[in-house]
Trainee: 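Take this structure, written in C-alpha cells, and hold onto it; I'll ask about it next.
Note that the structure is a prediction, hence the values are computed from the model and not measured.
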Amino acid sequence: MGPPKQRGRPPKIDQYVGLPAAKRVTKRRQAASAEIEFNEDEFLTWMRRDPHPSDHVPPAPQARTQQLEPQSQHPAPADEAADDPACCVTDAFDEAVSNQTVDNPSDTDTDMDEDFEFCTVGEDGLLTDAPSRHHQRECQKFVDFDNHKAGMLAEYAKLVTANLTGCICSVDGCEMVAVYRCYTCRSAGILKSAHCEAHAGIHWNETLCHRILNASDQPLERNLRRLDCCEMSPVHSGNVAQLNTQDCSEQVVCHTCINHSISSMLMGLGFMVNRVAKPDHAFAVPMVQVALKARIHGTSYESCAAIFFSDASKSARNKGLYQPFMDAVRFFSGLSQAVQHGTVYAPDTVGWGKTVCPMCEGNGDGKYPIVLKQMDGFESARKRAVAYGGGHNHGHYSWSRQFWCKPGEDYVAGASEKGMTATVESLGCSSRHHSGEEERSLAKKRNQQSQYDRIVHQGCMHDFFERIFNAKGERLLYCDTVIQMVRKQYPNRELILSYDVICKEIAHLQQPYMLRTKVEMPYIAVLPVMHAQAHSKECQIKFSPRIIAGLGTKLDGEGVERENSRLAKSIGLTVGETEGNRELDISLIAEDYNRSKLRSALKIISRKLDLAYMDLASIEAAIGIPSDLNRGSYRRFIDENNTWRTNLMKDRCNHNSDMTSVEEEMYLLREQADEQARTITRTRKILKTHVGTNVASKLRRHLKSQYNQLNSILDKLNNLSNGTSDITVQQIIDELELKGILEEALTQKYWRGVEDIYHWRHALRNFIKFYEKRVDNHNGQWVQRLEAVDMCDSPLLSKEAFKAILRRNLREETGFLERGRDLEQNYATGRKPYLNTHLSQVHEGFKLKIHKLHFQLKI
C-alpha cells in the first residue's frame, strides 16, 4: 500500500527544492513584508462594504512606507488547484510561462545591495499617492538639471557655433589665427577642430563630407571633388553623386575603370548608394544602419529621413533625399544580412542566411522523436490592392524570399468543383474562429480592397518564424501546405501541430476527398491554450493542451500571438507598399525576432526547467516518495487520461440530451461560476507574489469585479434551485482547491511535469548538438566556409575581411555552445534516479506513439 492520503493543502516548500545547488539564488532582504501580505478576509470585508466595481481607487488611509523586494528570478510555484484535470476544460489562462525573454529590468539609480521602493502601499493594499523613495529620486533629477542647466547651455552654445574669437589653428606648429571650424570633428569629440585657411583646405582634402564653416557660417569654397577607383580610371565621363552624412552633404565626381564599380568604391569610403548602376546619392553607413534598426522596430522611412535631413527650411522629401535614402536602407539590409550570417563570400550559392531554431534543427540523431510546430493568420498584415492605392510589384529582394512560401493545392476548392462536399457532422466545432468559411459579402469586399488580406505564418513552439504565406482568407490549404512541408523537412519525426482552428483541419483531413492525398494527420493536434476557450467544450476535450496528454504545462501554442504582437508594431507601415518592399519589411522583422529569441533561448530553457522541477518538488512534498503505487507509469497515465476524456465527452452528451431547459440553464450557470472561481483563484495567487506593485493595484480592482460577477451568477443559480441547495462563493472555491490536492490530480500533474522536463531537456540537448556541428573543427560549417574563402578568387584584403567576419560568427556560436554545456551540467547534477526512469517512459511513449488517436473521440 502507498502512503496515506493527505488531507488539506500540501505543506509549503522552499521554491528551490529539487533544483541543483548551482541554480539557487539568495533572496534580497525584505523589510516587514508580512504587514502588507494579501489577506482574503479583509479584502472580502472591503468588497462587501463597496460592492460595485469601479476604476476609481479610493484614497487610502495613512500610508506606510514599505521596502519591497524585486521579483525573484525563480518565483515560487503557485497553487495548482485550477490545473486539476476535472477543472482544466475551461482553464484558458494557464500558469505556463510564455516563451519570452526573461531579463529583469534593473534600477540604475539603486545600489544592488540596497533595498529600493517604487511605491507606497496603503492598509487596503492599494497604491497611494504618498511619496516613495523612487518618487523622491525622480523629483531630484529635475532639481539637479535646473541647478546645472546654465553651464550646460553655455557649453552647448559653443558647440554649435564657430566660437573662433582668440582661437589659433589647432594644427601643431601653426600659429595662424583660426578662421574655420570643422563641426563634424567638433561634434565627434575631436579637440583639434579649428583651422587657419591653409590647413582648412588640407583638412578638406583629407576628409569626406566634413562640415567646415567660418565665423559667419559660410562653408569653405572648393571645386567638385574627384574620386578615382585606381590608376586606370578614365579622365573624363565621370558620374556625379551626392554624399550625405547627418550634418553635411557634398557632391563628388566618381571615375571608375571597367574593373571597378562606383557602388563598391563608395562603400569602401563608408557610403551606401541608393542604386548600384549610376548612383546619384550615397549615405554614410552608420546612418543607414541606424535607420534600418529603426525601421525594424516600427519607425517609418519618412520619419528616419526627417530625423537625419530635415531642417528649419526644408524637409527631407523637399530636399529630394527621402526616396534615395529609403532605397539605400533597403538594399543595405541585404549586406547586413550576409554579414550577420557569414555568407559574405558567395550568397548566390550558399544563400543569404536565415536564423533557425537550434532546438528544432539540432536533432540530427533523431533521439527526440517529435517536432513542435505552430501556425496562425495575422489579419492586420494586409496589402492594399493597386486600384485602392496599394503599391505595384516591381520585383523581390532575394534575401527576403527565404521566409516566403507559396501554398500548395487547394483540396477544398478542388473537391467543391467536383461536387464532393464535406459532411455537416464532421466540419469541426462551431467556434468563433473561421477558416475557409467566410460570408460572401465580406469576402467580396476584402477581395476588392486588398490584394492580400493577411499573412499566414508558421513557426515552432520555441517561437521562431519559419514560413510566411501571403493569403486571401485563412483557408485550410495553408495548413495542408505546412503539414506537407514539415513532413518533408523532418521525415523521421512525428508532427505536433498547434493551430487555432485545428478542429476544422482535422475534420477536413478526415473527409473522403482527402484520403487520396499525401497530407497526413498530425501525430498530436492541439489548440493554443488561450484560443481553446473560443471553442466548444467537446472540442476542448479533444484538442486542449491542458486536457490531452503530451505537451506538459509549459508549451502553450500561443507563440504565434507573441510573434503577431511583434509584427503589430510595424505592420501598419506595409499596407500600401509594393509587394517586394512589404515582403522585405516583414522578413526583417521576422529575422530580428528570431535573433532575439536565439539570444534568450538558454534563459528561456532554464526558466522552463526551473519551474518544472519546482512543480515536481511541490507534488513530491504532497504525495511522498515516488513509487509505482502513487505514480504509476506513463502508459497508465495516458490510458487514464483517455478514459477521463471519454467520460467527459459522454457526460457532456448525456447532459445535452437528458436535461430539461431549467436543468440545462443551471448546468451552464454552474460552469460559469466555476470559471469565475478559477479566475479568482488565479488572481489571488498572482497577488501573493506582486504585493505593492502597480499590477497588484489593478488586479485587486479586477478581483473585486470578479467577485461581483460570481455573486450575480450564484444569485441566478440559487433562484433556479428554489432554495433547496444554496451555493456560496467560498463553497465553490473550496471545492476547486480540494480537487487540486487530491492524490489522483497530483499524479496527473506529476506526469505533466515530467513531460515538461522531457521536452525542455531535449530542447537544451538539441541546442548543444546544433552548435557542436556548426563549430566542429573538422567538418563544421564555419571551417568549411573558411576553406571556401581560401579557394575563392577574391583579392587578398577581401579574403582577410571575409575570414574576420567568419571568425567573429564562430566565436559567437562557440559562446552559445559553452553556455549551453554549462547549463546542461547544472541540470545533470543533483538529479534523482527515479526521474531518469520516468523520463525514459515518456520517451518510449512518444516512440511507440501511444498518443496517436487522441482526437478521434466522437462528438
Trainee: With His457, which residues qualify under side-chain hydrogen bond (donor to acceptor under 3.5 Å, both in side chains), at least two apart?
Mentor: Glu563, Asn564

Trainee: Kindly determine whether Leu810 and Val775 satisfy side chain to side chain contact (heavy atoms under 4.5 Å, CB included), including the steps that lead there.
Mentor: CA-CA 7 Å; Leu810 175 60; Val775 305; 3.8 Å; yes

Trainee: Would you compute the distance between atom CZ of Phe378 and atom CD1 of Ile455 and round it to the nearest 0.5 angstrom?
Mentor: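 That separation rounds to 7.0 Å.
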
Trainee: Does Glu583 have any salt bridge (charged side-chain N to carboxylate O under 4.0 Å, His left out) partners at least two apart in sequence or in another chain, and if so, which?
Mentor: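 Counting only residues at least two positions away or on another chain, Glu583 forms a salt bridge (charged side-chain N to carboxylate O under 4.0 Å, His left out) with Arg401.
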
Trainee: Is the shortest heavy-atom distance from the side chain of Ile589 to the side chain of Arg566 under 4.5 Å?
Mentor: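 Yes, side chains in contact.
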
Trainee: For a 4.5 angstrom cut-off between non-hydrogen side-chain atoms, does Gln374 reach Gln458?
Mentor: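 They are not in contact (no side-chain heavy atoms under 4.5 Å apart), so the answer is no.
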
Trainee: Output yes when a side-chain donor or acceptor of Lys472 lies under 3.5 Å from a complementary backbone atom of Ser450, and no otherwise.
Mentor: yes

Trainee: Only counting residues at least two apart or in another chain, list the ones meeting ring pair (Phe, Tyr, Trp, His ring centres under 6.0 Å) with Phe331.
Mentor: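 Here the qualifying residues are Tyr397.
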
Trainee: Could you tell me if the side chain of Tyr499 sits less than 4.5 Å from the side chain of Val482, heavy atoms only?
Mentor: no

Trainee: Please work out whether the ring planes of His508 and Tyr513 are parallel, tilted or perpendicular, with thresholds of 30° and 60°.
Mentor: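 Correct class here is tilted.
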
Trainee: Honestly, is Lys406 close enough over Phe469, meaning NZ or CZ under 6.0 Å from the six-membered ring centre and within 45° of the axis?
Mentor: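 No, cation not above the ring by the 6.0 Å, 45° rule.
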
Trainee: Which distance, rounded to the nearest 0.5 Å, do you find between the CG of Leu476 and the CE of Met514?
Mentor: 9.0 Å

Trainee: Hey, what do you get for CG (Leu497) to OH (Tyr523), rounding to the nearest 0.5 Å?
Mentor: 14.5 Å

Trainee: Check whether any side-chain N or O of Gln781 sits under 3.5 Å from a backbone N or O of Arg774 as a donor-acceptor pair, and report yes or no.
Mentor: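 Here the side-chain-to-backbone pair does not exist.
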
Trainee: Sequence neighbours excluded, which residues qualify as ring pair (Phe, Tyr, Trp, His ring centres under 6.0 Å) partners of Phe816?
Mentor: Tyr771

Trainee: Does any pair with a residue in residues 288-307 pass salt bridge (Lys or Arg N to Asp or Glu O under 4.0 Å), and if so which ones, sequence neighbours excluded?
Mentor: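 Of all non-adjacent pairs touching residues 288-307, those that pass salt bridge (Lys or Arg N to Asp or Glu O under 4.0 Å) are Arg295-Glu577, Arg295-Asp585, Glu302-Arg317.
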
Trainee: Please give me the minimum heavy-atom distance between Gln540 and His535, naming the atom from each residue.
Mentor: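 Scanning both residues, the minimum pair turns out to be NE2-O, 3.0 Å.
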
Trainee: Pick one: which of Met359, His762, Glu772, Glu361 meets side chain to side chain contact (heavy atoms under 4.5 Å, CB included) with Phe767?
Mentor: Met359

Trainee: Counting only N and O atoms by type, is there a donor-acceptor contact under 3.5 Å from the side chain of Arg467 to the main-chain atoms of Gly459?
Mentor: no

Trainee: With no hydrogens and no angle check, is any side-chain donor or acceptor of Asn594 less than 3.5 Å from a backbone partner on Phe465?
Mentor: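 Yes; judged by distance alone, with no hydrogens or angles, the pair exists.
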
Trainee: Taking all atoms of both residues into account, what is the closest heavy-atom pair of Ala612 and Ile757, and its distance?
Mentor: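 Scanning both residues, the minimum pair turns out to be CB-CG1, 3.7 Å.
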
Trainee: Are Leu609 and Arg761 close enough that some pair of their side-chain heavy atoms sits under 4.5 Å apart?
Mentor: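 Heavy-atom side-chain distance check passes, below 4.5 Å.
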
Trainee: Can you name the salt bridge (charged side-chain N to carboxylate O under 4.0 Å, His left out) partners of Glu812, sequence neighbours left out?
Mentor: Arg595

Trainee: How long is the gap from CE on Met326 to SG on Cys304, to the nearest 0.5 Å?
Mentor: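 Taking CE in Met326 and SG in Cys304, the distance rounds to 11.0 Å.
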
Trainee: If you take all heavy atoms of Ile768 and Gly820, which pair is closest and at what distance?
Mentor: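 Scanning both residues, the minimum pair turns out to be CD1-O, 3.4 Å.
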
Trainee: Does any N or O in the side chain of Asn470 come within less than 3.5 Å of the main-chain N or O of Tyr452, such that one atom is a donor and the other an acceptor?
Mentor: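 No, Asn470 side chain to Tyr452 backbone: no donor-acceptor pair under 3.5 Å.
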
Trainee: So which atom in Val276 and which in Ser263 form the shortest heavy-atom distance, rounded to 0.1 Å?
Mentor: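 So the two residues come closest at CG1-OG, 3.6 Å.
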
Trainee: Can you sort out the partners of Phe770 under ring pair (Phe, Tyr, Trp, His ring centres under 6.0 Å), two or more places apart, ordered by chain and number?
Mentor: none

Trainee: Is there a donor-acceptor contact under 3.5 Å from the side chain of Gln451 to the main chain of Val386?
Mentor: no

Trainee: Check whether the side chains of Ser336 and Ser333 place a donor and an acceptor atom closer than 3.5 Å, and report yes or no.
Mentor: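 The criterion, which ignores hydrogens and geometry beyond distance, is not satisfied for Ser333 and Ser336.
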
Trainee: Compare every heavy atom of Ala328 with every heavy atom of Phe283, then report the nearest pair and how far apart it is.
Mentor: CD1-CB, 3.8 Å

Trainee: Working note: Phe403 + Glu466, criterion side chain to side chain contact (heavy atoms under 4.5 Å, CB included); need CA distance, chi angles, decisive distance, verdict.
Mentor: CA-CA 6 Å; Phe403 282 101; Glu466 292 184 354; over 6 Å; no

Trainee: For Asp480, what residues pass the salt bridge (charged side-chain N to carboxylate O under 4.0 Å, His left out) criterion, not counting sequence neighbours?
Mentor: none

Trainee: Could you tell me if the side chain of Arg582 sits less than 4.5 Å from the side chain of Thr578, heavy atoms only?
Mentor: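 No, side chains not in contact.
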
Trainee: Can you find a heavy atom in the side chain of Asn642 that is under 4.5 Å from one in the side chain of Ile548?
Mentor: no

Trainee: What distance do His462 atom NE2 and Cys360 atom SG have between them, rounded to the nearest 0.5 Å?
Mentor: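 Taking NE2 in His462 and SG in Cys360, the distance rounds to 5.0 Å.
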
Trainee: Please determine, by modelled atom types, if Tyr368 and His759 share a side-chain donor-acceptor pair under 3.5 angstrom.
Mentor: yes

Trainee: In chain order, what residues pass the side-chain hydrogen bond (donor to acceptor under 3.5 Å, both in side chains) check against Glu409, with sequence neighbours excluded?
Mentor: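 Glu409 satisfies side-chain hydrogen bond (donor to acceptor under 3.5 Å, both in side chains) with no other residue.
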
Trainee: Kindly say whether Arg454 contributes a backbone atom to a donor-acceptor pair with the side chain of Glu379 at under 3.5 angstrom?
Mentor: no

Trainee: Going by atom types alone, do Asn809 and Glu813 pair a side-chain donor with an acceptor below 3.5 Å?
Mentor: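 Asn809 vs Glu813: no donor-acceptor pair found between side chains.
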
Trainee: Does a side-chain heavy-atom distance below 4.5 Å link Arg493 with Pro369?
Mentor: no

Trainee: Hey, is the main chain of Trp399 close enough, under 3.5 Å, to the side chain of Gln337 for a donor-acceptor pair?
Mentor: no

Trainee: Please report the C-alpha distance between Phe543 and Ile506 in whole Å, then the side-chain angles of each, then the deciding distance to 0.1 Å, and finally whether the side chain to side chain contact (heavy atoms under 4.5 Å, CB included) criterion is met.
Mentor: CA-CA 10 Å; Phe543 299 108; Ile506 296 302; 3.9 Å; yes

Trainee: With Glu579, which residues qualify under salt bridge (charged side-chain N to carboxylate O under 4.0 Å, His left out), at least two apart?
Mentor: none

Trainee: Using side-chain hydrogen bond (donor to acceptor under 3.5 Å, both in side chains) as the criterion, list what pairs up with Thr481, not counting sequence neighbours.
Mentor: none

Trainee: Salt bridge or not between Arg562 and Asp556? Use side-chain N to carboxylate O under 4.0 Å.
Mentor: yes

Trainee: If only atom types and distance count, is the side chain of Asp500 paired as donor or acceptor with the main-chain N or O of His531 below 3.5 Å?
Mentor: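 No, the answer is negative, given that no donor and acceptor are paired below the 3.5 Å cut-off.
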
Trainee: Any pair with a residue in residues 510-534 that passes salt bridge (Lys or Arg N to Asp or Glu O under 4.0 Å), sequence neighbours left out, goes on the list, sorted by first then second residue, please.
Mentor: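 Listed by first then second residue: Arg487-Glu520.
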
Trainee: Tell me, with the steps shown, if Ile586 and Ile468 meet side chain to side chain contact (heavy atoms under 4.5 Å, CB included).
Mentor: CA-CA 9 Å; Ile586 294 176; Ile468 307 175; 3.9 Å; yes

Trainee: For the OG1 atom of Thr355 and the CG atom of Asp592, what is their distance to the nearest 0.5 Å?
Mentor: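 Reported value, rounded in 0.5 Å steps: 9.5 Å.
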
Trainee: Are side-chain heavy atoms of His396 and Asn581 found at a separation under 4.5 Å?
Mentor: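 Of all side-chain heavy-atom pairs linking Asn581 with His396, none is under 4.5 Å.
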
Trainee: State whether the side chain of Asp410 and the backbone N or O of Leu477 hold a donor-acceptor pair below 3.5 Å, judged by distance alone.
Mentor: no

